[in-house]
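Read through the structure below, which is laid out as structure tokens, and then see the notes.
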Amino acid sequence: MDYNQTLNLPKTEFPMRASLPQREPEFLKRWEETDQYKKLMALGADKPRFVLHDGPPYANGDIHIGHALNKTLKDFIVRYKNMTGFQSPYVPGWDTHGLPTELAARKKAGITADSNISDVELRKICRDTALGYVDIQRESFKRMGVIGEWENPYITLQKEFEQEQIKVFASMASKGYIYKGLKPVYWCSDCNTALAEAEIEYGEDPCHSIYVKFKVTDDMGKLEAMGADLDKTYFVIWTTTTWTLPANLAICVGPNYEYSLLKANGEYYVMATDLAPVAFADAEIEDWETVGIIRGAELEYMKTAHPFLDRTSLVIVGDHVTLESGTGCVHTAPGHGVDDFVVCKKYPEIPMVVPVDSKGILTEEAGQFAGLSTEDANKPIAEYLYETGSLFALKKITHQYPHCWRCHKPVIFRATSQWFCSVDDFKDAAVAAAEDVKWYPEWGKDRLQSMVQERADWCISRQRKWGVPIPVMYCKDCGKEIIDEGIMQKVSDIFGKEGSDAWFAHDAEYFLPEGFTCPNCGKANGFEKEKDIMDVWFDSGSSHFAVCKNRPNLKWPADVYLEGADQYRGWFQSSLLTSVASGKGAPYKEIITHGWTVDGEGRKMSKSLGNGIAPQEVMNKYGADILRLWVASADYHADIRISDEIIKQISDNYKPRYGYCT
């Protein structure tokens with residue numbers, strides 16, 4: 001007897017097997033052929049509008065599991081809003097400029113840094129590569145079931161986007177927020193460009209902390225009066241970047257700290273009183289005594305001799321000096337440190353020395369160490385200091401050090417001439433604007449506000465070719481840069497017709513208003529274009545104007561931004577800064593943050609660990625619905641675990657819900 005016939009079972013059109021990998025593409029094809037998204041928007045035409053503005057992923061490869069998490073969460077919100085009394089359009093976007101895409105394009109085309117290729121040719125290769133990855137990612141997102149304007153996305157290389165970006169730049173420049181200056185910035189010697197804070201990641205870095213003796217040449221009569229023998233008296237500095245010693249121009253002390261004149265092994269040393277015991281312990285010196293005490297302010301303008309270069313290192317004072325580590329006598333190289341640069345500006349007699357070139361090689365200004373890389377210079381400098389008696393102590397340590405987000409190699413601070421946005425000029429307004437935003441989780445507000453408060457400048461220039469050029473000129477007569485609204489207006493108009501490639505394809509005169517003369521010297525004998533491009537965060541940070549404000553089916557400000565926690569340093573912040581600097585408030589009403597995707601053991605996914613899971617593989621084996629169910633079942637505010645076992649368990653849980661068996 002067939003007992004199934006004796007039971008009153010519910011009737012359903014669901015097949016006995018879900019077969020999601022086979023059936024989902026059929027659903028998606030039917031939805032696309034009948035244009036379900038357009039019909040959905042038409043149904044909500046008279047309803048209030050809710051806009052989730054899409055943070056653009058880089059068009060530089062296949063999607064990863066983090067993309068799947070992000071896009072699925074956004075799709076949940078858009079679908080929910082469309083079903084609960086709103087019209088919620090979704091315009092996907094892509095970030096296509098900058099180093100991430102250029103490196104992918106170079107690798108794909110086999111173009112090395114030494115390849116002989118024109119700027120225009122390189123940009124064409126980058127454009128084709130970026131658009132190719134846009135297509136690849138678009139199909140993957142569609143396969144995940146994400147609804148939206150897939151045939152009309154925003155892409156940062158589009159002419160209309162670049163035109164609006166120039167307008168944002170012009171608005172900020174007209175308020176005096178944009179300037180060119182020489183100051184230390186993060187510099188990647190491998191990628192050969194400046195980097196912004198958002199492009200820095202920190203990692204453990206083993207190094208040698210080094211104590212160096214600087215012989216006193218002028219104590220202004222103070223140390224000798226305390227009993228020191230000036231022929232044997234030294235300020236002792238401490239640093240973890242030995243390669244920066246050729247750039248040393250000063251020794252900075254805390255004006256309000258207590259310093260001691262200390263005697264050991266027949267020599268005299270000046271150090272902060274509180275730090276002396278640790279310094280002597282690192283030097284393995286047990287027998288030492290205090291000869292005298294002096295305040296930091298009294299040490300100002302004493303002079304010392306550089307340990308291996310023929311120049312003086314002046315003793316100066318600075319409030320940035322702390323007693324957390326070292327000796328309280330801070331090695332000061334204005335060409336390689338922000339605090340060093342700032343404090344040395346107060347002493348006009350201190351020059352600017354940057355003995356490292358763009359590739360991280362020490363120049364002739366480094367003396368006998370010229371030609372060495374910053375990494376290779378550490379050991380020979382330390383050995384020379386030891387041989388000449390200038391080494392006080394050496395200790396191996398591991399510390400957190402900044403690395404480039406793309407090549408993952410250690411970066412350096414290097415003073416170069418860059419374009420900056422002066423965040424200091426409007427940071428109070430930016431912090432105030434964040435108060436009007438709802439934050440999920442709530443700690444997001446404090447995090448973003450503190451990051452903005454800690455910033456002084458935003459380095460917006462990059463020494464690359466693939467990106468939106470900085471629309472300024474240089475006068476060949478006086479050599480000064482020209483920030484002119486007329487030029488920027490014409491550049492914006494041209495970019496709207498030809499795109500930013502025009503900057504590289506035409507000469508300077510093509511972008512100048514008729515009869516233009518240099519506002520600095522009044523001459524019109526020739527001009528040159530700026531060669532740097534804008535920071536890629538300026539690109540994406542302009543999207544709220546280029547997209548939300550300019551598309552009639554959207555609105556400004558956006559109702560919500562939803563991205564990973566790393567975007568407090570990135571897109572959340574750059575969007576806020578461009579908006580406030582342009583005279584507006586926050587470009588979003590709400591910020592939602594999700595965590596990272598990690599493996600089943602909570603480890604960050606990486607190629608070296610081999611623990612990554614590709615969303616395409618999950619969809620091919622289980623179906624996109626299983627991937628979406630994984631997102632829906634997790635607390636996305638925290639890090640979200642995923643593994644083969646977790647996905648299989650979710651798939652097993654899915655089966656009885658839909659009444660099919662295996």
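Although no hydrogens or angles enter the test, the distance criterion places a donor-acceptor pair under 3.5 Å between the side chain of Trp503 and the main chain of Glu530. One N or O on the side chain of Arg464 and one on the backbone of Cys191 form a donor-acceptor pair closer than 3.5 Å. Without hydrogens or angle criteria, Asn378 side chain to Trp243 main chain gives a donor-acceptor distance under 3.5 Å. Between the Lys213 side chain and the Gly389 main chain, a donor and an acceptor come within less than 3.5 Å of each other. In this structure, Thr304 contributes its side chain and Phe214 its backbone to no donor-acceptor pair below 3.5 Å.
Taking the charged nitrogens against the carboxylate oxygens, Glu298 and Lys222 have no contact shorter than 4.0 Å, which rules out a salt bridge. A salt bridge links Glu199 with Arg462: the closest approach of a Lys/Arg side-chain nitrogen to an acidic carboxylate oxygen falls below 4.0 angstrom. A salt bridge does not link Asp425 to Lys175: none of the charged nitrogens lies less than 4.0 Å from a carboxylate oxygen. For the pair Lys427 and Asp424, the salt-bridge criterion is met [side-chain N within less than 4.0 Å of a carboxylate O].
You'll find the side chain of His208 stays beyond 4.5 Å of the side chain of Lys379, heavy atoms only. Counting heavy atoms from C-beta outward, Met271 and Trp238 have side chains that stay 4.5 Å or more apart. Here the side chains of Met534 and Asp539 are in contact, with some heavy-atom distance below 4.5 Å. Counting heavy atoms from C-beta outward, Leu391 and Ile210 have side chains that approach closer than 4.5 Å.
For the residue pair Glu563 and Tyr561, no side-chain donor N or O sits within less than 3.5 Å of a side-chain acceptor on the partner. Side-chain atoms of His331 and Thr244 include a donor-acceptor pair closer than 3.5 Å. Using a 3.5 Å distance cut-off with no hydrogens or angles, the side chains of His544 and Thr578 do pair a donor with an acceptor. Side chains of Trp458 and Asp535: a donor on one and an acceptor on the other come within 3.5 Å. If you check the side chains of Asp457 and Tyr179, you find a donor sitting under 3.5 Å from an acceptor. Between the side chains of Thr273 and Glu258, at least one donor N or O lies within less than 3.5 Å of an accepting N or O. Side-chain contact of Ser373 with Glu375: a donor-acceptor pair under 3.5 Å is absent, judged by distance alone.
Aromatic ring pairs are classed by plane angle as parallel below 30°, tilted from 30° to 60° and perpendicular above 60°; the pair Tyr259 and Tyr257 is tilted. Aromatic ring pairs are classed by plane angle as parallel below 30°, tilted from 30° to 60° and perpendicular above 60°; the pair Tyr568 and Trp443 is tilted.
Taking Tyr474 as the reference, nothing meets the ring-ring contact (aromatic ring centres under 6.0 Å, His included) condition, with sequence neighbours excluded.
In this structure, Tyr234 has its ring center no closer than 6.0 Å to that of Phe392. Between Phe369 and Phe308, a ring centre-to-centre spacing shorter than 6.0 Å is recorded.
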